[in-house]
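Written out below as structure tokens is the structure these notes cover.
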2 protein chains.
Amino acid sequence: MEYVYEAPVLTVDAVIFQLINNELNVLLIKRNLEPFKDTYALPGGYNPKGETTMKAFERVLSTKAGIKKDNLQLIEQLYTFDTVARDPRGHAVSIAYMGLTRDPKIKESSDTEDPKFFPITKLPKLAFDHESIIKYAHERLSSKITYTNAIFALLPKQFTLTQLQQAYEAVLCRELDKRNFRKRIMALNLLKPTSKYFTEGAHRPALIYSFQKQGLETSPQLID
Amino acid sequence: MEYVYEAPVLTVDAVIFQLINNELNVLLIKRNLEPFKDTYALPGGYNPKGETTMKAFERVLSTKAGIKKDNLQLIEQLYTFDTVARDPRGHAVSIAYMGLTRDPKIKESSDTEDPKFFPITKLPKLAFDHESIIKYAHERLSSKITYTNAIFALLPKQFTLTQLQQAYEAVLCRELDKRNFRKRIMALNLLKPTSKYFTEGAHRPALIYSFQKQGLETSPQLID
DNA sequence: ACAAAAGTGTTAAGAATACACCCATGT
DNA sequence: ACATGGGTGTATTCTTAACACTTTTGT
């Protein structure tokens, strides 16, 4: 085994989700380099020696999209893809991470590449296999919110039950029964009611809740 | 971004499971190099440029443990770990794969490092973070067999319902009710009965079954 | 005849689903 | 007073879990 070892190119790709107008959106940039120049793609970049994959993810996200890691409430590694013909230098390996945010400040900088959020139902044509990576991330997220409180990462710290339900519906892409949803979510004891109400429009104000804990918790079968 | 790019060392680690005497076993080798010389570890090795991670996994498994990929009925990528202080050359990234086998021929060769199967309940002290990687793999496998037919990869092509149940029990590390198990498994239509019986010992012979399909299938909630 | 594993149904409890009206507010 | 979304309970169906005896064979 002790020949001269040369490692493949290592990259990271970022799938950043956010809720906008009760729709799940994903962050894309427009590539300014070949291949796939001017095509939309997930933010991604090289992972050099000495930098952990997580740090590379954070750096790439910051430089390419102007989003800092403090704006991500949850980060999860998804999968590692062998990418052929991605990099002009040949075979490359790419680690995909998913990040959830509730309201990122996209800071323009010299190095950003026109970062924008797109509803997952209306994606433009994408570079590489990024469409399938997004699909994979979406499935992971859908399943994750059914057995954890991961949805907290997409919501403000305080929210009404209707907002919570809409967040679930946006991720799962289907409607949920209001009474059954509330019954279940309350039975899990993940939420705590505040004493505040959210008044908006000509109707009864909604009680505001927050999560008991901010971190990720696993609970027995939230939604099925 | 166009500084001189140098990639981290990339390695693959293999978690190979097999059933022996109704116990789930995992393949380990004894390391013949520092660090952790003479300590048991998962088979692993370098992934050079130009080789896909899957190919590297197959090659490493073959050279370090003498197991060929044809002996693996199912392969699944698990997770990618940043490994600090693993490689004398510094920061390394390691991709863990899981492989399931029903009866591997471990072929001794000059390069193998004393490969042996150990029951997961009786593991020796392990190098690096390999104990947690095995735990992760075990959890993935446990969950996988509850919503797919992945268990086929650990069983011979033909088997009795008792053998099937024992395989589930070995992976899940808990006992299952015979009548409920059979009811459920039969309801899924994954199995087809042969017309043969397995006679062994002084008792009623058991009908032999096989899976309808050899490949991986997802089915709605097999076991809970 | 006996020992040993194969095979087989029913009942009770719990979970999921479907569903409709009153409440509090702004205009 | 009316329009709007907030908030609540029950009945039914389906799923899961618990449980014991008969069958077939070898010795």
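Within every chain, numbering begins at 1; the chains are lettered A, B, ... in the order of the sequence lines, protein sequences first and strands thereafter. Keep in mind that this is a model prediction, so the values were computed, not measured. Just the heavy atoms: all of them, side chains too, but no hydrogens, waters or symmetry mates, feed the values below.
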Between dT8(C) (P) and F181(B) (CZ): distance, integer Å | 14 Å
What residues form a side-chain hydrogen bond (donor to acceptor under 3.5 Å, both in side chains) with K196(A), not counting sequence neighbours?
-> Q158(A)
What integer distance in Å separates L176(B):CG from dA18(D):P?
-> 12 Å
Under the ring pair (Phe, Tyr, Trp, His ring centres under 6.0 Å) test, residues paired with F57(B) that sit two or more places apart | Y97(B)
Output every pair passing salt bridge (Lys or Arg N to Asp or Glu O under 4.0 Å) with a member in residues 198-221 of chain A, not counting sequence neighbours, ordered by first then second residue.
-> K213(A)-E217(A)
Heavy atoms under 4.0 Å is the rule here; annotate nucleotides 5-15 of chain D 5' to 3' with B where the base is hit, S where only the sugar-phosphate is, and - elsewhere.
-> BBBBBB-----
Sequence neighbours excluded, the answer for ring pair (Phe, Tyr, Trp, His ring centres under 6.0 Å) partners of Y168(A) is F181(A)
Length of the CZ-P vector between F198(A) and dT4(D), whole Å = 17 Å
Listed by chain and number, what are the ring pair (Phe, Tyr, Trp, His ring centres under 6.0 Å) partners of Y209(B), not counting sequence neighbours?
-> none
